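Down below is the structure, laid out as structure tokens.
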Amino acid sequence: MNNKAIFLATGIACALPLSAHAIDINDELALVLEIQAFSDYRAGGVSMTRNNSALWLDSILVHKPSGAYAGLFTSNIDFGTQANREFAYYVGIARPLSENIVGSFTRIEFEYPNSSQFNFGEWIATLSAHGVTIGVKYSDDMKPFSDRRTIAWVGYEHSLPHDITLDARYGLTDMERAIYVDNDGSSRSLYYDWEIGISKHQWGVDWRLAYIDTDLSKSECASGFGFEENCSAALVGSIAKRF
């Protein structure tokens, strides 16, 4: 985290469908609990932990008849400030819009203990059909300058034999100001990121390995996020368990 640009974006799936592992509270409510361990916490292609490991905890309360949900997420982070943990609180709804299309809408608030001046909120909307998801995130109070930020992405998942899933993502992050400065003095307000991953459900947990990268140079990364190595290509492994 630095005083030129604060990315502060989470990779959580806020519109998580009601999992087969959900804990039924009663006929209307269910609780989804998830623990994920990552070799690197990446959001929008950028490391939130300076290329170090992270542990996510996510809990989601789902109202089954309506598709409404509320959740709490937390992860360790490293932005080079006093903040070493990220909390996210969110509410939303996921509903089928037709036989094959599911839409979701979420409001999420991020908090950073010891660095509360960087707290912010954003809106998230998604449409999913036939394994394809299109999504948009928008915030108008990105700190420290209360900038606007828009993130748009498209993702795809395809099931393979033996409980293997192939997935891909391509995204665009657009800030209000040209905060990414290259060595030649040029600057821009947006960058692209992409990833491709393969996952498998085995021994009761989900295993995933993904290649993640951005089109930011090292100097652009340093000017935007404080560390030049946070935006480089990486292989990221993860293990997830749902209860």
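Not measured: the values here are computed from a predicted model.
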Worked verdict on R42 versus N230 for side chain to side chain donor-acceptor pair (under 3.5 Å) = CA-CA 9 Å; R42 292 260 168 162; N230 283 13; over 6 Å; no

Residue pair R208, E195: steps toward the salt bridge (charged side-chain N to carboxylate O under 4.0 Å, His left out) verdict | CA-CA 12 Å; R208 183 173 185 260; E195 67 180 88; 2.8 Å; yes

Determine, step by step, whether Y112 and F118 satisfy the ring pair (Phe, Tyr, Trp, His ring centres under 6.0 Å) criterion, reporting the C-alpha distance in whole Å, the side-chain angles of both residues, the deciding distance to 0.1 Å, and the verdict.
-> CA-CA 7 Å; Y112 301 90; F118 298 111; 7.6 Å; no

Side chain to side chain donor-acceptor pair (under 3.5 Å) evaluation trace for S47 with D40 = CA-CA 7 Å; S47 177; D40 188 0; 2.7 Å; yes

Run the numbers on Y170 and W153 for ring pair (Phe, Tyr, Trp, His ring centres under 6.0 Å), then give the verdict.
-> CA-CA 6 Å; Y170 189 79; W153 78 93; over 10 Å; no

I would like to know whether F225 and C231 meet side-chain contact (heavy atoms from CB on, under 4.5 Å); could you show each step before the answer?
-> CA-CA 9 Å; F225 303 106; C231 313; 3.6 Å; yes

Does the side-chain contact (heavy atoms from CB on, under 4.5 Å) test come out yes or no for T74 and E86, once each step is laid out?
-> CA-CA 5 Å; T74 185; E86 174 183 80; 5.9 Å; no

Let me see the working for W123 and F105 under side-chain contact (heavy atoms from CB on, under 4.5 Å), right down to the final yes or no.
-> CA-CA 7 Å; W123 300 96; F105 190 68; 3.6 Å; yes

Show your reasoning for whether side chain to side chain donor-acceptor pair (under 3.5 Å) applies to D141 and S139.
-> CA-CA 6 Å; D141 65 344; S139 176; 2.9 Å; yes

For H158 and D167, what are the C-alpha separation, side-chain angles and deciding distance, and is it a side-chain contact (heavy atoms from CB on, under 4.5 Å)?
-> CA-CA 6 Å; H158 180 69; D167 65 89; over 6 Å; no

Intermediate values then yes/no, side chain to side chain donor-acceptor pair (under 3.5 Å), T126 and S104 | CA-CA 5 Å; T126 68; S104 73; 2.4 Å; yes

In sequence, state the C-alpha distance, the side-chain angles, and the governing distance for Y41 and W56, and then conclude on ring pair (Phe, Tyr, Trp, His ring centres under 6.0 Å).
-> CA-CA 9 Å; Y41 175 3; W56 289 6; 5.2 Å; yes

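A salt bridge does not link R107 to E122: none of the charged side-chain nitrogens sits closer than 4.0 Å to a carboxylate oxygen. With respect to the salt-bridge test (charged N to carboxylate O, under 4.0 angstrom), the residues D174 and R148 do not qualify. A salt bridge does not link K64 with E28: every distance from a Lys NZ or Arg NE/NH1/NH2 to an Asp or Glu carboxylate oxygen is 4.0 Å or more.
Minimum interatomic distance between T81 and S115 (heavy atoms only, all atoms of both residues): OG1-OG, 3.6 Å. Listed here is the closest heavy atom pair of A240 and Q36: CB-CG, 3.4 Å. Taking each heavy atom of I77 and T49 in turn, the nearest pair found is CA-CG2, 3.9 Å. Across all their heavy atoms, T133 and S128 have their closest contact at OG1-OG, 2.8 Å. Here the closest heavy-atom approach between residue Y69 and residue A94 is recorded as CE2-N, 3.5 Å. Between I108 and A88, the shortest heavy-atom contact is CD1-CB, 3.8 Å.
At least one donor-acceptor pair under 3.5 Å links the side chain of S219 to the backbone N or O of N183. Of the possible donor and acceptor atoms, one in the side chain of N26 sits under 3.5 Å from a partner among the backbone N and O of L29. No side-chain donor-acceptor contact under 3.5 Å links Y89 to the backbone of A70. K241 places a side-chain N or O within donor-acceptor distance of the main-chain N or O of G204, the cut-off being under 3.5 Å.
Geometrically, R50 engages F227 in a cation-pi contact, judged by NZ or CZ lying under 6.0 Å from the ring centre and within 45° of the ring axis.
Within 6.0 Å of NZ in K218 there are 12 or fewer heavy atoms belonging to other residues, nucleotides or ligands.
For the atom pair CD of E34 and OG of S59, the computed distance is 10.5 Å after rounding to the nearest 0.5 Å. Here the straight-line distance linking atom CD1 of I196 with atom OH of Y156 works out to 11.5 Å at 0.5 Å rounding. Separating the CZ atom in R95 from the OG atom in S66 is a distance of 7.0 Å, to the nearest 0.5 Å. From N84, atom CG reaches atom CG of D78 across 8.5 Å, with rounding to the nearest 0.5 Å. Summarising the geometry, atom CG belonging to D215 is positioned 8.5 Å from atom CG belonging to D193; distances are rounded to the nearest 0.5 Å. Summarising the geometry, atom CD belonging to E220 is positioned 4.5 Å from atom CG belonging to D182; distances are rounded to the nearest 0.5 Å.
Criterion: ILVMFWY side-chain heavy atoms under 4.5 Å apart, direct or through other members. Under it, M175 and V136 are not part of a common hydrophobic cluster. Following chains of ILVMFWY side-chain contacts shorter than 4.5 Å, one can reach L61 starting from F243, so the two form part of one hydrophobic cluster. Under the 4.5 Å side-chain heavy-atom criterion for ILVMFWY residues, a single connected hydrophobic cluster contains both L33 and L57. Follow the hydrophobic side-chain contacts under 4.5 Å out from L55 and you never reach F87; the two are in separate clusters. In the hydrophobic clustering of ILVMFWY residues, with side-chain heavy atoms under 4.5 Å counting as a link, V154 and Y211 come out together.
Summarising the hydrophobic clusters (Ile, Leu, Val, Met, Phe, Trp, Tyr; side-chain heavy atoms under 4.5 Å, direct or chained), the residues clustered with I101 are L97, L127.
Results of the side-chain hydrogen bond (donor to acceptor under 3.5 Å, both in side chains) test with H201 over D163, T165, D206 single out D206 as the only residue that passes. Screening L216, V181, I179 for a side-chain contact (heavy atoms from CB on, under 4.5 Å) with R188, the sole residue that qualifies is L216.
Contacts of W207 classified as ring pair (Phe, Tyr, Trp, His ring centres under 6.0 Å), with partners at least two apart in sequence or in another chain: none.
When side chains are defined from C-beta on, L31 does not count as touching I60, because their heavy atoms never get closer than 4.5 Å. In this structure, R149 and E176 have side chains that are not in contact, with every pair of non-hydrogen atoms separated by 4.5 Å or more. Residues W194 and D213 are in side-chain contact: their nearest non-hydrogen atoms beyond the backbone lie under 4.5 Å apart.
Centroid-to-centroid, the aromatic rings of Y90 and F73 stay 6.0 Å apart or farther.
For the residue pair S98 / N100, no side-chain donor-acceptor distance below 3.5 Å is found, with atom types taken as modelled.
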